[in-house]
There are 2 protein chains.
Amino acid sequence: MTSSHTSKKQEKKQDPDLPPTAWAVLGLLSFPGERTGYELKKWADSSLRFFYWSPAISQIYAELRRLEELGYAASARSGPQEARAKRRYSITGAGREALSGWAAGTAEAGPPVLKHGLLLRIWLGHLAEPARLRAMVGEHLERTRAELAAVREAMEQAAGVAEWAFPALALRWSERQHLAELELGEALLTDLAELSPQEGGGGRQAVGDSPTPG
Amino acid sequence: MTSSHTSKKQEKKQDPDLPPTAWAVLGLLSFPGERTGYELKKWADSSLRFFYWSPAISQIYAELRRLEELGYAASARSGPQEARAKRRYSITGAGREALSGWAAGTAEAGPPVLKHGLLLRIWLGHLAEPARLRAMVGEHLERTRAELAAVREAMEQAAGVAEWAFPALALRWSERQHLAELELGEALLTDLAELSPQEGGGGRQAVGDSPTPG
DNA sequence: CTAGTCATATTCCGAATTGAAGTAAGACCG
DNA sequence: CGGTCTTACTTCAATTCGGAATATGACTAG
């Protein structure tokens, strides 16, 4: 426990207005078990990132230190009986309480932020060849399909475990989200074709896509 | 490492691996006309942000300075005939070329990053009351409807102008994206209701006793 | 068994980015 | 005439990120 006299004054108020990253890390800890920063990162990579990005590993460690300072997390070094030296973190009662408070807070959930590299390029479409744009959308569709598979894999992990009912729900949302993303991509392809129809003049038909039968 | 002679404009190599923000700002400049940093910010807020976030104003000015250093942008102070002193930026040939190169670069478009605060809270659903969760989804739906209206407003601005055909395309994508987001929210509401059915009484029915048939 | 590489575990640092505040001057409004 | 709003831009501290660096145990081929 951090019962030291760090003159941190009573943080009894409300959530000390931590950045979302801190809450996400604390959230990771709020599920049963103790974990190292490294494990946290892997878990974030395979689940959280689908709907809420995965913080940098260095950031995770930094947040863990802060969380411990605040008394929201506690850590223990592994003893000498364990082969590898590591520090395992767990959430404290205060941490759980603060997290609940934050989760219930209404004002904090700003609008979702989307940073879509493909769309940035589409937006700059006047600088590229139409064929190149279509190819990029195609790549995006494939990437999305791969992501979808990864989401489904994560869903399998979570399936059936009662404690993970809500994470499973988030993953289900993410599955649908990826499905929607695929449709969005297809529609974009159509729009793109309309905007700059295939030029028969130059014989420059690079994409090599098969026309949809139907 | 990199060559030590830091002369300003000899960066003929490739794209000097600028952060996406720099390319986004340069992209803003790639449309006809000269603009001030302030105007750029307003434009980003009303268009770019729907699919690729809007940088902080201080960041925009910083990027403009860097872009000018690199010879990708040129600026001119307004003369004394203009009421207000301001600096207008425009893209240079080198800038346009570099931007095209970047836009065509295949490796650079990483997967889209989504930071969805609502989903983070759903994921932590075990910490909140079911009714609270449903309320949050409801708020999200309303916010999304408002955003959708903003997207449509932006679309009206862009409509009909030939130079803005691609931005218009991106906005159309964004419109559909928001429509999909609404459906995702509705589905989430349904899932939530299934997971923890409405309680008539006042009791907190936690996870575990799921009367789900099948 | 032994070097080589892989996975785990963590720290460090420079650069990117934010957000808030400060400055200033023209514009609009009563 | 004064007030407040919008435009225009700068500065700065604090946050956050990503990549490199550092170890060490664990597995794998020869």
Side-chain angles (χ1 to χ4, degrees), chain A residues 16-26 28 34-46 48-49 52-70 73 75-89 108 110-111 113 115 117, chain B residues 1-2 6 15-26 28 34-46 48-49 52-70 73 75-89 107-108 110-111 113 115:
Chain A
D17 202 26
L18 294 169
T21 310
W23 298 115
V25 171
L26 194 54
L28 249 5
E34 303 188 328
R35 328 180 161 61
T36 67
Y38 189 86
E39 287 169 328
L40 253 20
K41 171 61 174 167
K42 280 200 304 177
W43 190 16
D45 277 348
S46 71
L48 198 57
R49 86 169 154 105
Y52 199 86
W53 120 111
S54 184
I57 180 73
S58 53
Q59 188 66 12
I60 287 181
Y61 282 107
E63 294 297 352
L64 285 172
R65 281 188 289 264
R66 165 155 57 179
L67 258 14
E68 185 159 32
E69 275 247 326
L70 288 170
S75 75
R77 292 207 75 88
S78 59
Q81 72 280 16
E82 264 186 284
R84 175 178 285 267
K86 61 182 76 169
R87 184 176 287 275
R88 288 213 179 73
Y89 287 84
E108 334 235 11
V113 176
K115 229 172 151 168
Chain B
M1 295 249 69
T2 48
T6 332
D15 24 323
D17 202 26
L18 295 169
T21 310
W23 298 115
V25 171
L26 195 53
L28 251 4
E34 304 188 327
R35 327 182 160 61
T36 67
Y38 189 86
E39 288 169 328
L40 252 21
K41 172 60 174 166
K42 280 200 305 177
W43 190 18
D45 277 349
S46 71
L48 197 57
R49 85 168 156 106
Y52 200 86
W53 121 110
S54 183
I57 179 72
S58 52
Q59 187 67 10
I60 288 182
Y61 282 109
E63 293 297 352
L64 284 172
R65 281 188 289 264
R66 165 155 58 179
L67 258 13
E68 183 159 34
E69 276 248 323
L70 288 171
S75 76
R77 292 207 75 87
S78 58
Q81 72 281 16
E82 264 186 284
R84 176 179 284 269
K86 60 183 76 171
R87 184 174 288 274
R88 288 212 178 73
Y89 286 84
E108 334 236 10
V113 176
K115 227 172 151 167

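So you know, we letter chains A, B, ... as the sequences are listed, proteins then strands, and number each from 1.
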OP1 or OP2 of D:dT10 under 4.0 Å from side-chain N/O of B:Arg65 | yes
What is the nucleic acid contact for A:Arg35, judged by heavy atoms within less than 4.0 Å: base, sugar-phosphate only, or nothing?
-> nothing
Report yes if at least one side-chain N or O of B:Thr21 is closer than 4.0 Å to OP1 or OP2 of C:dA16; otherwise report no.
-> no
May I ask you to verify if any side-chain N or O of B:Lys42 is less than 4.0 angstrom from the OP1 or OP2 atom of D:dT7?
-> yes
Nearest 0.5 Å please: distance from the CZ atom of B:Arg65 over to the OH atom of B:Tyr89.
-> 7.0 Å
Between atom CG of B:Leu26 and atom CG of B:Leu64, what is the distance when rounded to the nearest 0.5 Å?
-> 9.5 Å
Between B:Ser58 and B:Lys115, who's closer to the 5' end of DNA chain D by nearest nucleotide?
-> B:Ser58
Round to the nearest Å and state the distance from B:Glu39 atom CD to D:dT6 atom C1'.
-> 12 Å
B:Lys86 atom NZ is separated from C:dA25 atom P, nearest whole Å, by 15 Å
Pick from A:Lys42, A:Lys41, A:Arg49: which one makes a salt bridge (Lys or Arg N to Asp or Glu O under 4.0 Å) with A:Asp45?
-> A:Lys41
Length of the CZ-C1' vector between A:Arg77 and D:dA23, whole Å = 12 Å
Between CD of B:Glu63 and C1' of D:dC9 the distance, given in whole Å, is 16 Å
Distance below 4.0 Å between A:Tyr38 side-chain N/O and C:dT10 OP1 or OP2 | no
Separation of C:dA20 atom C1' from B:Ile57 atom CD1, nearest Å, is 13 Å
A:Ile60 CD1 - D:dC17 C1' separation (whole Å) = 12 Å
Thinking salt bridges, do B:Arg66 and B:Glu63 make one under a 4.0 Å N-O criterion?
-> yes
Is the shortest side-chain N/O distance from B:Arg66 to OP1 or OP2 of C:dA15 below 4.0 Å?
-> no
Rounded to the nearest 0.5 Å, the NZ atom of A:Lys86 sits from the CZ atom of A:Arg77 at a distance of 11.5 Å
To the nearest angstrom, how far is A:Trp43 atom CH2 from C:dT8 atom P?
-> 17 Å
Under 4.0 angstrom between B:Trp53 side-chain N/O and C:dT17 OP1 or OP2 | no
Taking only the side-chain nitrogens and oxygens of B:Tyr61, find out if one of them lies under 4.0 Å from OP1 or OP2 of D:dC9.
-> yes
Here the distance between atom P of C:dA9 and atom CG of A:Asp45, to the nearest Å, is 14 Å
Within the structure, does a side-chain N or O atom of B:Thr36 lie under 4.0 Å from either OP1 or OP2 of D:dA8?
-> yes
